[in-house]
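Take a look at the structure below.
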Amino acid sequence: MKVVHIYSIYSTLHNKEFMDSNTSELLNSLKTITNYEYKVVPFNELYQADLSLILVSTGGSEAYFKEIESKVMEPIILLTFGNDNSLAASLEILAYIQRKNMKGEILHGSKEYIAKRIMNLMEDKDD
Amino acid sequence: MTRLGVIGKPSDWLISSDVDYKKAKEIFGIELIDIDISELIDGINSNTCASFPNKFQNLFDKAEIDKAYLIFKELIKIKDNYMLDGLTVRCFDLLDTVHSTSCLAFSILNSNGITATCEGDIPSMISMDLIRKVINKESFQANPSRIYTDKNEIVFAHCTLPLSMSESYKFDTHFESGIGIGIKGEMFLKDVIIFRISPTLDKFVLLRGHIKENLHEKRLCRTQIVVDIDKEHSVEYFLKRPLGNHHLIVYTDNNDANVLRDYLINVGLTEIK
């Protein structure tokens, strides 16, 4: 089974319990649709997988992204839900990445759309 | 020459919003003036006597309304002292120091023809100023908050809707902090332009759409709208090549988009589709 590792960044202003339940729900749905295994991991394990995603859980995560920026690998795939300004944070991060001529995109929308993009990205890696 | 004040630096999370001041002057004739945030905070804290006009007094806690008015008054004072046409404020610095928010102040300033954006966002302030100068409209600085790729729809939300752009409004707390005053507005279900320039001042995005619905969700900033994006554009812009976070929403019922586009192309900017 293909493995997707996810590293979560968030602002301490927000409710972590609520975020964790949202994350679990999303990852369970993605697993059902794609038949891949999804694991939230510490940063040092992020790239020990077939595909690596950065989960932007809340607004205010952008400054934290800058702290890990030198260690992230392209393409930088930002996964986000749509609550707590997580999409807004992802837009700012992606704009920042692209100004530095790095590749990246945001995975956001319906679970079906996200699952389809993850399968496409996995296929691209296999090619 | 337009003079726009930057009160405090851009918020730490606006990592892609720094602007070349010299370029802003050369391209748009905009002079950006840095003002220390302490000038605003000290001014607010040294002034205790203020009261908003009566029409607001029954809408929310009186002490909060009065604090919001102190912020408004101090911003007007800074605007006058520095002869500014508009301003942006690193407003989250007010949470711990003044224990209030500047959302209502921005909303009223924008309703009265004075450009005001939050979080020290300079590209948003310049975008808002251009909207005012080129097509003479007010605009709503908002966060893209959710995207429906299958329907080409996007949810925008923020707490600073200009009162003049609302069909109706009430006050609530500011979303992220749970303190101060945020504007919970209902917008008109009208055609809109979605616009912003890049922090590099060489690109812009200009989408057309229609406000389909107002939302009332708990985990979004207070004024929330669903915009149905016209078929000629795609919401994929936001997922694949956004120019930053905040975008400006402008009501339109005429040729505004073309006028704004022509102006920007004429001064050398490239449109992102």
Side-chain angles (χ1 to χ4, degrees), chain A residues 9-15 18-19 21-22 56-69 75-117 120-121, chain B residues 10-18 92 95-96 119 121 123-124 141-159 174-179 196-200 202-203 205 215 217-221 224 235-247 272:
Chain A
I9 58 175
Y10 51 88
S11 153
T12 50
L13 271 179
H14 294 267
N15 180 337
F18 186 84
M19 281 164 10
S21 68
N22 263 356
V56 181
S57 300
T58 68
S61 308
E62 301 93 317
Y64 184 68
F65 176 81
K66 277 183 85 172
E67 288 180 24
I68 59 169
E69 177 193 345
I76 300 162
I77 311 297
L78 305 166
L79 176 64
T80 181
F81 318 111
N83 281 327
D84 297 320
N85 286 326
S86 55
L87 177 62
S90 302
L91 262 70
E92 189 72 16
I93 293 170
L94 185 55
Y96 176 79
I97 289 167
Q98 292 182 341
R99 269 179 83 175
K100 297 196 155 201
N101 294 319
M102 295 164 82
K103 286 182 187 157
E105 76 168 85
I106 296 169
L107 296 187
H108 172 90
S110 67
K111 286 159 186 164
E112 291 74 20
Y113 174 83
I114 294 173
K116 191 178 161 197
R117 281 300 301 143
N120 289 342
L121 288 162
Chain B
S11 292
D12 295 341
W13 52 85
L14 294 181
I15 58 176
S16 183
S17 296
D18 51 310
F92 276 64
L95 301 178
D96 291 334
E119 301 170 37
D121 187 339
S124 282
Q141 177 193 15
N143 286 337
S145 299
R146 192 179 306 141
I147 289 170
Y148 299 101
T149 44
D150 51 339
K151 295 188 279 188
N152 211 33
E153 289 176 2
I154 176 164
V155 174
F156 285 97
H158 227 206
C159 293
H174 167 246
F175 167 63
E176 285 95 338
S177 63
I179 66 168
R196 78 161 280 153
I197 59 167
S198 65
T200 46
D202 58 351
K203 294 188 270 296
V205 65
L215 299 179
E217 296 186 11
K218 286 186 177 169
R219 301 194 74 85
L220 294 176
C221 297
Q224 308 159 9
V235 289
E236 288 222 334
Y237 148 75
F238 295 97
L239 302 178
K240 300 276 175 68
R241 49 194 175 279
L243 298 180
N245 167 27
H246 293 128
H247 286 66
I272 298 293

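Sequence lines set the chain letters: A, B, ... in the order given, protein chains first and strands last, and positions in each chain run from 1.
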Engaged part of B:S17 at the chain A interface, taking heavy atoms whose separation is under 4.5 Å
both
For a quick test of reading the model, state the closest non-hydrogen atom pair linking A:N85 to B:E176 and the distance between them.
ND2-OE2, 2.7 Å
Pick one of side chain, backbone, both or neither for B:E236, based on which atoms fall under 4.5 Å of a heavy atom in chain A.
side chain
Flag the one option from B:T149, B:V235, B:L243 with the top tally of heavy-atom pairs under 4.5 Å to chain A.
B:T149
Considering only heavy atoms, which portion of A:I97 lies under 4.5 Å from any heavy atom of chain B: side chain, backbone, both, or neither?
neither
If I measure from the heavy atoms of chain A, does B:F238 come under 4.5 Å with its side chain, its backbone, both, or neither?
both
Does some side-chain heavy atom of A:E92 sit less than 4.5 Å from a side-chain heavy atom of B:H246?
no
Mind jotting down which residue pairs meet the salt bridge (charged side-chain N to carboxylate O under 4.0 Å, His left out) criterion with at least one end in residues 56-69 of chain A? Sequence neighbours excluded, please.
A:E69-A:K100
To the closest 0.5 Å, what do you measure between CD1 (B:I15) and CZ (A:R99)?
10.0 Å
With A:S110, which residues qualify under side-chain contact (heavy atoms from CB on, under 4.5 Å), at least two apart?
A:E112, A:Y113
In Å and rounded to the nearest 0.5 Å, what is the CG to CG distance from B:L239 to A:L78?
10.5 Å
Heavy-atom proximity to chain B below 4.5 Å, by part of A:Q98:
side chain
In Å and rounded to the nearest 0.5 Å, what is the OH to CG distance from A:Y96 to B:D18?
9.0 Å
For B:N245 versus A:A88, what's the shortest heavy-atom pair and its separation?
OD1-CB, 3.2 Å
Is B:D121 close to chain A through its backbone or its side chain, or both, or neither, when contacts mean heavy atoms under 4.5 Å?
neither
Between A:A95 and B:P242, what is the shortest heavy-atom contact and its length?
CB-O, 3.5 Å
Considering non-hydrogen atoms only, spot the tightest contact between B:S145 and A:L87 and give its length.
C-CD2, 3.6 Å
